[in-house]
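Written below as structure tokens is the structure these notes are about.
Counting begins at 1 with the first residue of the sequence.
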Amino acid sequence: MASIVLKRTQQKMPLVGFGLWKVTKSTCADTVYDAIKAGYRLLDGAGDYGNEKEAGEGVRRAIADGLVKREDLFITSKLWNTFHARDHVKQITKMQLGLWGIDYFDLFLVHFPVALRYVDPSHRYPPEWFGDDGKVYLQNTPMHETWGAMEGLVDDGLTKNIGLSNCQGSLILDVLRYAKYEPQVLQVELHPYLAQEALVKLCKTFGIAVTAYSSFGPQSYVELGVDKGTPSLLKHNATSAVAKAHGRTEAQVLLRWATQRGIAVIPKSNDLGRLATNLDCNSFDLSESELAALSALNINLRLNDPADIDGRLAIFA
């Protein structure tokens, strides 16, 4: 299986993983089991997704049935915004591990560079963006404090690797100034409508692996009503032309646009057929002109922007 070797630990991170965002609780255990059975070895979860317990059930069933061993899997999760304070990072990580039913994460990411007021998990979990009154409450916790606590997770054996998500270059450079353990991975929204070439180049300069989410662009956001009226990349003439030339699906082409450049992807599908074809996206190569044609679709369209929730959360301004 194609993989990326992470700089500090030399651990191999699969180039194609399975994303758990929007996988419903009722289907999550079966979906995770089916993904593992189809050959996926990286599972990308988060506390905010609200399905970690069910994902863990799928993992346990796959292990019990002899499909994999724990060490065969690369399990990623993320620290939510309400747990950025030093005293809360380890506490919530242990809770999330308990939900998964595992002893360690392979990768644990700071989900957003946004610190929100603490919400006790016994009161509401996942806490999402809002207080009980529907308002957003910020908390004055600097990234320096949060990152130090993330490094403590490595020292305590709760995660092998740590990284960032939804961060831009200036913040990455800031973390690198004081990090004992540098970020191993940056996970960001990345697709032909949001190519982020300068950010990818910066990460490669410092040996930080990049994982792309929302590889299909607006497709993931249609059901949420926040696709911003943008034409589907899966139906775009440029994507379809490349797919036809290679006898592949449009989804495979969009995934290969990333993976061929060493960018990991984490697509999701509830369809067994698409599970298999998405995983098979590395069995062909795009030409330089085809890569360029897809990159030329860039319009800096960001679909996951906290500023749409509250103007004080404009982390991409």
My understanding is that only residues two or more places apart in sequence, or in another chain, count here; which of them pass side chain to side chain contact (heavy atoms under 4.5 Å, CB included) with A62? Y33, I36, L67, V68
Quick one: does Y125's side chain get under 4.5 Å of Q96's, heavy atoms only? yes
ring-ring contact (aromatic ring centres under 6.0 Å, His included), that's the test. Do W21 and Y221 meet it? Break it down for me. CA-CA 11 Å; W21 180 45; Y221 299 86; 5.4 Å; yes
Separation between OH of Y49 and CG of N51, rounded to the nearest 0.5 Å: 9.0 Å
Q252 side chain reached by T277 side chain, heavy atoms, under 4.5 Å: yes
What I'd like to find out is whether the side chain of L116 reaches to under 4.5 Å of the side chain of F130, using heavy atoms alone. no
Aromatic ring centroids of H191 and F216 under 6.0 Å? no
Report whether V154 and V5 are members of the same hydrophobic cluster (ILVMFWY, side-chain heavy atoms less than 4.5 Å apart, transitive linking). no
Quick one: do E182 and K7 make a salt bridge, cutoff under 4.0 Å? yes
Applying the 4.5 Å side-chain criterion to the ILVMFWY set and letting contacts propagate, would V222 and Y193 be lumped into a single cluster? no
Are H236 and E250 close enough that a side-chain donor and a side-chain acceptor fall under 3.5 Å? no
Side-chain heavy-atom pair T211, I263 within 4.5 angstrom cut-off: no
On the six-membered ring of Y104, is R70 placed so that its NZ or CZ lies under 6.0 angstrom from the centre and within 45° of the ring axis? yes
If you count heavy atoms of other groups shown closer than 6.0 angstrom to NZ of K22, is the number above 12? yes
Is there a donor-acceptor pair under 3.5 Å between the side chain of Q139 and the backbone N or O of T82? no
Examine W129 together with Y137 and report whether their ring centres are nearer than 6.0 Å. no
Measuring from atom NE2 of H84 to atom CD1 of I92, what distance do you get when rounded to the nearest 0.5 angstrom? 11.5 Å
Determine whether L286 and H246 make a side-chain contact, defined as any pair of heavy atoms from C-beta on separated by less than 4.5 Å. yes
Closest non-hydrogen atom pair between L73 and D106, with its separation: O-OD2, 3.2 Å
Indicate yes or no for a side-chain donor-acceptor contact from N300 to the backbone of L194 under 3.5 Å, with no hydrogens or angles considered. no
In a check of side chain to side chain contact (heavy atoms under 4.5 Å, CB included) between F74 and each of K160, M13, R41, which one passes? M13
Do V119 and V136 sit in the same hydrophobic cluster, where Ile, Leu, Val, Met, Phe, Trp and Tyr count as joined when their side-chain heavy atoms come under 4.5 Å apart? no
With heavy-atom distances below 4.5 Å as the criterion, would you say the side chains of Q91 and P121 are in contact? yes
Heavy-atom closest pair, residues E54 and C28: CB-CB, 3.6 Å
Gap between atom CZ of F112 and atom CG of L164 - 0.5 Å precision: 12.5 Å
